[in-house]
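What you see below is based on every heavy atom in this structure, not just the backbone, and it leaves out hydrogens, waters and symmetry mates. Just so it is clear: chains get the letters A, B, ... in the order the sequence lines come, proteins before strands, and each one is counted from 1.
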Amino acid sequence: MEEQQLANLNQAQRDAVLKSEGPLLVLAGAGTGKTKVLTSRIIHIINSYLASPLQILAVTFTNKAAAEMKKRIGEVIGDQVNNLWIGTFHSIAARITRRHAEIVGLKNDFTIIDQDDQLRLLKQIIADFNIDTKQFPAKNYLNKISRMKDLGTVQSLQNQGREDDSGLPKLKDIFALYQNRLKSMNAADFGDLLAYNLEIFAKAPEVLEQYQNKFHYVLVDEYQDTNNVQYQWLLKLAAKYQNICAVGDDDQSIYSWRGANIANILRFEKDFANASVIRLEQNYRSTANILKAADSVILNNKERHGKTLWTEAGEGEQVKLLSFVDDRSEAATITETIANYARQRKYKLSEAAILVRAGYQTRAFEEAFIRASLPYKIIGGLKFYERMEVKDAICYLRVAANFGDDLALSRIINVPKRGVGDTTINNLYQKGKSENMSLFLAIKDAIAKNELKGKAKDALKSLLEQIEKWRAALDNSSLPDAAKLILMESGYIQMWQSENTLESQGRIENIDEFVGSLAEFSNITEFLEYVSLVEAKEDKSVQDAVSVMTVHAAKGLEFSLVFIPGLEDGVFPSSRSMDERNGLEEERRLLYVAITRARKELVMCYAQTRFVFGDYQSSMPSRFLKELPEGVKLVESANSFSSGYSYGAASRGSSGYGSAAQTSFAARPQTLPDSSDPFFGKRVFHQKFGYGKVVEVEGSRLGISFEKSGRKTVMKDFVALVA
DNA sequence: TATTGTGTTATTTTT
DNA sequence: TAACACAATA
C-alpha cells in the first residue's frame, strides 16, 4: 500500500512526502502535483504511524481545496479522514474560537458576519460621526479595517496616540465602536476569527500549549497567500514539533491587495532554522511552448525564489498573439475560433476558457456568445447565498432565530415595503443605542410607550408579532416548512410575484431552491454556520459551456484551450497597478497564472481600442508582450469593423492588413522615437478616430493628434497615409 | 415615506 | 455604460 503510493510520485514529490520531520517548504510550480504531494504526505504520516489523524492539522484557503484533499485522502484511509483537522484557515480558527470563546469575551454560539453585514454596521456607526461619506465612503473604512486585521496592525492603531496613515477621519474611534458593537451582538467578522485565536493564545498560554502538543504535523496549502496573522498563527501552532510543511508558489502570489504577504514564503528559510526547500518543477499540465512563454515572462520578476518548469510533453502548438481593432472584434473572433474548434471536435466547449483581468471585460464576450448562440458560463459574480433575494430570506430566518440580530432585522424591516422609512429606523436605532437594547427590543419598547405614529406603528407591531410567531415555527416544524411559512406570511414572496418580470421570476426560483436546500440541515444554527463559512455548491446547470472568468478565479484550474484577451497597458497590467509599489510584479504573476492554466493551446490578444465606461479608449499593447519568447508570433492581424460584427470582415481584414502578419512582435528590438520615419509629420486616417497628424513615432506605434478626438497612440498598422 | 432625478465613479474578492 | 448613493420632489 505504502509503496504503491510512492510509486506514483516523481523524485522531488517523493522527497517532499518522505521528509516528514522538520520545517519544509515545497515550492510547487503550476501543474506540478502539489495536491498530490500534500495528500500523499498526510497518508504517509498516518500509514507509517508517525501520528494519528487527530494530530495532523492541514489548512487551505478554500473549501474546495479542503474538500478535494479530504476526498483523496479518504479514498485511501477511509473513515479515519474525519479525524483529521483539515479545513480552511477560517473554519479551523472558528472551531478553536468557539471552544475558548469566553477568553475573548464571546459566547460560544457567536455568529459570523459577512461583508454585507460589516458594511451595514459600519454605515450605522459612521452616520453618527459627521463624516463626509462622499469623500470617505464606509467601504473605505471597511477595507482599511479588514486590512488591519489581516496584517495584525490593530494593536498599533489602538496604542498609537496619533491617527493612522490611512487619511480616514476618526478611524480609531470608528474601529473601536465597530468592535464594541460586534462584541455586544456576540458576533465576529472573518478577520476576527484568526485574530481571536491569537488573542486566545496570548491570554491563555495553556490553551496554546494544548494545541501545540496536539498537532505533531502542520501542513499549509497556498502558503504564498498567507497574511501576517495567518503566518503568526501557523508559527505558534507549529512551534513545538516544528513539523511544518508549507506548500506554495511565490510566482502565483496574486492576493496582496487582500493582505497576502509574499514575504512569508520568500523568507521561510530564515524563519525556520534548518528548513529544507524542495522544488517541484516537472509540469504535467502544459506543452513546452506554453511553459516557455510562462517562464520567459516570470523571469522578469526580482522578488522570487526562482524555479523553471519543464515537461516531458512535446513542444505542442505555438503560442499565438492576435491583434484587433477593438474589443468587439476581439470577442467575435475568439468566439468564432472556439465555435470552430468545437465543430471540428478538437476541443469541447468546456475545455475552453477566456481569462480576463477585470470583470467588466466579460460583457463583450457575453454578447458575442449570445450572438453566436454558444453556451457559456460566467464564473464568479454573485454566489448563490449572496443574491439579494436569498440574503433577504436568510435574514428573515436570522431574525426569527435570534431577535437580537440587529443587522438582519434592519435589512428586512422594510422589505417588502411596510411604510417604515429611514427616519423611523434611525430613531429606533438611536433609541436602542442610548438605552442599550437591541433594535427588536427598542421597537417593542417604543410600541409599548406609544412613541411611534400611525402607519409605522401598526406595521412594526404586526411585524414583531409575526417574528415571535415565526420563532415558534422554527422550533416546531422542519426548516424548509418554517422558511416557507415565514416567506409567505411576511409578504416577501408576494412582493416578487407582483412584480412579475423575468427577473422576479428568477428570484422566486432562487428562493424555492434556497428553501429546498434547507432540508439538508437539522437546525437553523447549523445552517447559518454553513452559509457563513462554506461557499455554495457549484452551479451545475450548464455542462458543456465555455468558461469566462477573471484570472483570479481561474487559479488552480486548467483548460486545454485558453484565451487571454485585453493584453494592453491599462487593462493587463491594470492602470492602477502600474503606479503601485510592486504592482507590476504582481500583475506579472497574474499573467503567469493565466498562461499556466493552458494545457494545449494558448492565444493572447490585444485590441487597439476598447469600449470602457461609456467611451472608446485607445491603448498600447501590454508591456508584458515584449517579455514573451521569440517564438511567439503575431500570427494574424485580425480586423473587423465592429459595426458589422461580420466574421467575413474579420478574415478579409487579416489579408488586407497583412503587413504585421509575419512580424515577431516580441522579438522586435525596441526602437527609439524616430523623426526620420516616413510616417512622421504626415496626415493619416484611422477607422475609429478619423483624420489626424502624426506627431511622434516609436517603432510601430504612432502618436497622432486627431482632429476630432485629440492625441492618441495607435499602432502603425491601423492607419493609412492620406495625401 | 416613496419616488424620481442627479452626480459620481469605475480592478482583482478564496472566507 | 450602468450602478449606486444621495438629494430634491411629490
Separation of dT1(B) C1' from Leu452(A) CG (nearest whole Å): 14 Å
For nucleotides 11-13 of chain B, give me every protein contact, N/O to N/O, under 3.5 Å, one pair per line with atom names.
from	atom 1	to	atom 2	distance (Å)
dT11(B)	O4	Glu580(A)	OE2	3.3
dT12(B)	OP1	Gly359(A)	N	2.9
dT12(B)	O4'	Arg357(A)	NH2	3.4
dT12(B)	O2	Trp257(A)	NE1	3.3
dT12(B)	O2	Arg357(A)	NH2	2.6
dT13(B)	OP1	Thr550(A)	OG1	2.6

Could you tell me if Ser329(A) and Asp326(A) have a donor-acceptor pair between their side chains, going purely by distance under 3.5 Å? yes
How would you label the contact of Asp114(A) with the nucleic acid (heavy atoms, under 4.0 Å): base, sugar-phosphate, or nothing? nothing
Protein proximity profile, nucleotides 2-10 of chain C - base contact B, sugar-phosphate-only contact S, no contact -, cut-off 4.0 Å on heavy atoms: S--SS----
Quick one: are the ring centres of His100(A) and Phe201(A) less than 6.0 Å apart? no
As a test of understanding, state which of Arg623(A), Arg357(A), Arg610(A) forms a salt bridge (charged side-chain N to carboxylate O under 4.0 Å, His left out) with Asp569(A). Arg623(A)
Asp117(A) bridged to Arg398(A) by N-O distance under 4.0 Å: yes
Touch check for Asp221(A), heavy atoms < 4.0 angstrom, all strands: base, sugar-phosphate only, or nothing? nothing
Between dT14(B) atom P and Gln252(A) atom CD, what is the distance in whole Å? 17 Å
Which base, if any, makes a Watson-Crick or G-U wobble pair with dT11(B), both distances under 3.5 Å? none
Nearest-Å distance, CD (Glu529(A)) to P (dT15(B))? 14 Å
Using whole Å, what does the distance between atom C1' of nucleotide dT14(B) and atom OH of Tyr385(A) come to? 18 Å
Salt bridge or not between Arg411(A) and Asp392(A)? Use side-chain N to carboxylate O under 4.0 Å. yes
Write down the distance between NZ (Lys417(A)) and C1' (dT1(B)), rounded to a whole number of angstrom. 10 Å
If you compare every side-chain N and O of Asn63(A) against the phosphate oxygens of dT15(B) (OP1, OP2), does one of them come in below 4.0 Å? yes
From CG of Asn140(A) over to P of dT9(B), roughly how many Å is that when rounded to an integer? 11 Å
Calculate the interatomic distance between Glu68(A) atom CD and dT14(B) atom P; express it in whole Å. 19 Å
Remember a base hit wins even if backbone is also touched, and classify Lys455(A) as base, sugar-phosphate or nothing at under 4.0 Å, heavy atoms. nothing
No-hydrogen, no-angle side-chain donor-acceptor test under 3.5 Å, Asp249(A) and Gln224(A): no
Closest-nucleotide 5' rank along DNA chain B - winner of Asp422(A) and Ser91(A): Asp422(A)
Out of the candidates Phe190(A), Tyr231(A), Trp233(A), only one should pair with Phe89(A) under the ring pair (Phe, Tyr, Trp, His ring centres under 6.0 Å) rule; please name it. Trp233(A)
Between C1' of dT1(C) and CD of Gln361(A), the distance in whole Å: 16 Å
Pairing residues for Lys149(A) by the salt bridge (charged side-chain N to carboxylate O under 4.0 Å, His left out) criterion, not counting sequence neighbours: Asp189(A), Asp192(A)
Do Phe384(A) and Phe514(A) make the cut of ring centroids closer than 6.0 angstrom? no
